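The basis for the numbers below is simple: all heavy atoms, side chains too, and nothing from hydrogens, waters or symmetry mates. When a residue number appears, it is its place in the shown sequence, counting from 1. Atoms within a ligand are numbered from 1 in the order they appear, just like the ligands themselves. All values reported here derive from a predicted model rather than from experimental measurement.
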Amino acid sequence: MAIIRDGMAPFDLYQPTSIEDALSLANRLGADAWVLAGGLDSLERFKDRIKRPKAVIDLGNIDELRGVRREGEDLVIGSMTTLTEVSLHPEIRARFALLAEAAGEVASPQIRNQGTIGGNISQDTRCWYYRGGWDCYRAGGGTCYAGESLEGQNREHAIFGAEGCVAVTPSDTAPALVALEARLVIRNAGGRREVAVDDYFVGPGSDITRLNVLKAGDLLTEIRLPATWAGATFYFEKVHDRPVWDFPLVNIATAMHLSGERIDRSRFVLGAVAARPWRLPRVEAAVAGSLRNAVADSASRIAAEGAVPLKNNGYKMALARNLVKRAILGKRES
Ligand SMILES: Cc1cc2nc3c(=O)[nH]c(=O)nc-3n(C[C@H](O)[C@H](O)[C@H](O)COP(=O)(O)OP(=O)(O)OC[C@H]3O[C@@H](n4cnc5c(N)ncnc54)[C@H](O)[C@@H]3O)c2cc1C
Ligand code: SF4
């Protein structure tokens with residue numbers, strides 16, 4: 001187990017001022033380099049000495065990674081745009097209020113001023129065994145202390161999609177981006193690729209050591225919001241122990257296209273219930289073509305189908321059902 005020293009091991013710090021320079025550094029340094037955005041997740045791990053990179057590439061001086069712009073119908077958000085900017089940006093609020101609300105629910109104003117949208121969706125899990133330096137599966141070891149040990153504490157852990165590891169994504173903005181069918185631009189020295197947000201996040205069945213597809217040499221440069229869900233009916237709610245400065249126990253992000261009160265199409269996504277944002281396709285199918293009031297009870301009952309609760313987190317199933325019901329009705333209180 002780690003001894004918390006609150007002092008970082010030394011590393012070489014690189015502060016490029018262009019994407020091209022950052023890509024060339026990332027290519028040259030490979031797995032020795034750590035990409036630094038707002039540093040809120042990264043510096044905690046360095047200070048705990050759980051992560052000891054030889055080199056750090058700080059993206060903070062690359063202006064072209066910041067800001068929000070329109071490209072045709074797409075809204076393009078630079079990966080280094082802060083959560084505060086995302087939550088307050090007029091066009092995000094007007095067309096994609098779901099994302100603005102989710103970003104505005106992260107932690108506290110200070111953290112939103114420093115944390116970036118790229119870092120928020122790429123942050124690592126908060127599982128305390130893993131973050132404390134225990135040699136679990138995710139850290140390359142041979143057990144899962146949260147899920148397999150009889151004494152394991154797993155109140156905040158997964159109810160869906162666990163294979164070996166029962167850790168969850170702690171991001172508030174990731175479920176919103178999945179609901180909005182965002183596309184993410186990843187660049188490396190070899191070129192540029194654009195991935196659907198559903199393919200950005202990784203569950204333990206695909207790779208138990210990471211929560212997203214980024215590999216050494218990769219930079220996440222842009223988040224693109226297509227017009228598909230612009231101006232739809234949105235719902236975001238986060239359940240957490242404390243009103244500020246706290247990660248979600250469960251959150252929900254939904255987008256619905258309505259004709260009057262009838263739901264034509266929808267995306268329902270839960271967060272903090274699996275290693276990746278967890279879509280609910282059965283709920284989406286159940287509500288399609290129905291009136292909100294008429295379908296809320298029956299659709300919410302299937303929200304936790306397939307869930308496998310652990311010793312301490314069965315309450316997440318009830319939360320999932322209630323959040324789905326409230327999202328369908330668009331009301332915080334049912
Ligand atoms: C006390 C506290 C409370 C918090 N509460 C919440 C909460 O309630 N909800 C929530 O969603 N979050 C919460 N967070 C997380 C916080 O909001 C940050 O968004 C998050 O820690 C990472 O953002 P960052 O910009 O600081 O990224 P960093 O810490 O710098 O990076 C995070 C990870 O992403 C990688 N990365 C970042 N940007 C890129 C890029 N462009 N290309 C490639 N890799 C990249 C880094 O290498 C690193 O692995 C909390 C954090 C703290 C410290
Ligand atoms: S839940 Fe995952 S990260 Fe946590 S102890 Fe188990 S294997 Fe490690």
Side-chain angles (χ1 to χ4, degrees), residues 19 22-23 26 33-46 51 53 56-60 62 65 78-84 86 102-108 110-132 134-149 152-154 156-158 162-176 184-188 204 208-223 238 240-249 251 271-272 275 310:
I19 295 177
L23 291 174
W34 183 283
V35 173
L36 188 77
L40 290 164
D41 196 21
S42 303
L43 295 181
E44 187 181 314
R45 317 217 65 208
F46 299 171
K51 297 288 180 188
V56 169
I57 304 172
D58 174 8
L59 304 182
I62 306 180
L65 287 176
S79 60
M80 287 294 289
T81 308
T82 66
L83 294 163
T84 297
V86 170
E105 287 278 332
V106 171
S108 65
Q110 294 90 337
I111 287 171
R112 294 194 292 275
N113 286 342
Q114 178 67 21
T116 66
I117 182 78
N120 188 258
I121 64 170
S122 309
Q123 63 180 305
D124 214 336
T125 181
R126 305 300 299 185
C127 172
W128 43 81
Y129 298 104
Y130 171 69
R131 295 195 70 106
W134 294 51
D135 59 343
C136 65
Y137 292 133
R138 188 167 289 279
T143 189
C144 171
Y145 295 97
E148 291 178 355
S149 159
Q153 294 301 306
N154 45 46
E156 282 85 1
H157 288 71
E163 291 181 52
C165 172
V166 294
V168 298
T169 164
S171 171
D172 280 314
T173 60
L184 307 186
V185 177
I186 298 169
R187 289 178 61 181
N188 58 33
I208 208 164
T209 64
R210 61 183 69 243
L211 291 184
N212 60 60
V213 296
L214 293 177
K215 296 261 169 63
D218 283 344
L219 288 188
L220 173 65
T221 56
E222 290 173 2
I223 291 144
K238 165 180 180 174
H240 42 150
D241 285 323
R242 295 175 299 185
V244 288
W245 202 270
D246 211 358
F247 290 91
L249 294 169
N251 58 24
L310 303 162

| message | Do Leu249 and Asp241 have side chains that approach each other closer than 4.5 Å (heavy atoms only, starting at C-beta)? | response | yes
May I ask you to check if ligand 1 and [X] share an N or O to N or O distance below 3.5 Å?
X: Asp218; answer: no
X: Gly115; answer: no
X: Asp41; answer: yes
X: Leu36; answer: no
X: Val106; answer: no
X: Thr173; answer: no
X: Leu83; answer: no
X: Ser171; answer: no
X: Arg126; answer: no

- Task: Report the C-alpha separation of Leu23 and Arg187 in whole Å, then their side-chain angles, then the decisive distance to 0.1 Å, and conclude whether the side-chain contact (heavy atoms from CB on, under 4.5 Å) test is met.
- Result: CA-CA 8 Å; Leu23 291 174; Arg187 289 178 61 181; 3.8 Å; yes
If you take all heavy atoms of [X] and [Y], which pair is closest and at what distance?
X: Ala158; Y: Ala167; answer: CB-O, 4.1 Å
X: Glu163; Y: Ile208; answer: O-CD1, 3.7 Å
X: Ala22; Y: Ile57; answer: O-CD1, 4.4 Å

Just let me know how [X] lines up against ligand 1, side chain, backbone, both or neither, with a heavy-atom cut-off below 4.0 Å.
X: Leu214; result: side chain
X: Pro170; result: backbone
X: Arg112; result: neither
X: Leu59; result: side chain
X: Ser79; result: side chain

Give the atoms of ligand 1, by number and element, whose distance to some non-hydrogen atom of [X] is under 4.0 Å.
X: Asn120; answer: 10 (C), 11 (O), 12 (N), 17 (O), 19 (O), 22 (C), 23 (O)
X: Asp246; answer: 7 (C), 8 (O)
X: Gly39; answer: 24 (P), 26 (O), 27 (O), 28 (P), 29 (O), 30 (O)
X: Asp172; answer: 7 (C), 8 (O), 9 (N), 10 (C), 11 (O)
X: Ile111; answer: 1 (C), 2 (C), 3 (C), 16 (C), 17 (O), 52 (C)
X: Ala37; answer: 25 (O), 27 (O), 30 (O), 37 (C), 38 (N)
X: Lys238; answer: 7 (C), 8 (O), 9 (N)
X: Trp245; answer: 1 (C)

- request: Before giving the answer on ring pair (Phe, Tyr, Trp, His ring centres under 6.0 Å), spell out for Trp245 and His240 the whole-Å C-alpha distance, their side-chain angles and the decisive distance to 0.1 Å.
  value: CA-CA 9 Å; Trp245 202 270; His240 42 150; over 10 Å; no
Q | Test item: side-chain donor near acceptor, Tyr145 and Asn154, under 3.5 Å | A | no
Any idea which protein heavy atom is nearest [atom], and the distance to it?
atom: atom 5 (N) of ligand 1; answer: Ala107 CB, 3.2 Å
atom: atom 13 (C) of ligand 1; answer: Phe247 CE2, 3.1 Å
atom: atom 26 (O) of ligand 1; answer: Leu40 N, 2.8 Å
atom: atom 15 (C) of ligand 1; answer: Gln123 OE1, 3.3 Å
atom: atom 31 (O) of ligand 1; answer: Ser42 OG, 3.4 Å
atom: atom 46 (C) of ligand 1; answer: Val35 O, 3.0 Å
atom: atom 41 (N) of ligand 1; answer: Leu220 O, 2.8 Å
atom: atom 36 (N) of ligand 1; answer: Ser122 CB, 4.1 Å

Has the side chain of [X] got a donor or acceptor atom that lies under 3.5 Å from a matching backbone atom of [Y]?
X: Thr84; Y: Asn113; answer: yes
X: Gln123; Y: Asn120; answer: yes
X: Asn251; Y: Gly271; answer: yes

When the ring planes of Phe46 and Trp34 are compared, do they come out parallel, tilted or perpendicular, using 30° and 60° as the limits? perpendicular
In this structure, SG of Cys144 is separated from CG of Leu310 (nearest 0.5 Å) by 8.0 Å
Which of Thr125, Asp135, Asp124 passes side chain to side chain donor-acceptor pair (under 3.5 Å) with Tyr130? It is Asp124
Ranking Gly217, Pro175, Gly119, Ala22 by closest non-hydrogen atom to atom 23 (O) of ligand 1, top hit is Gly119
Report for atom 8 (Fe) of ligand 2, protein N, O or S closer than 2.8 Å, by chain and number, lists Cys136 SG
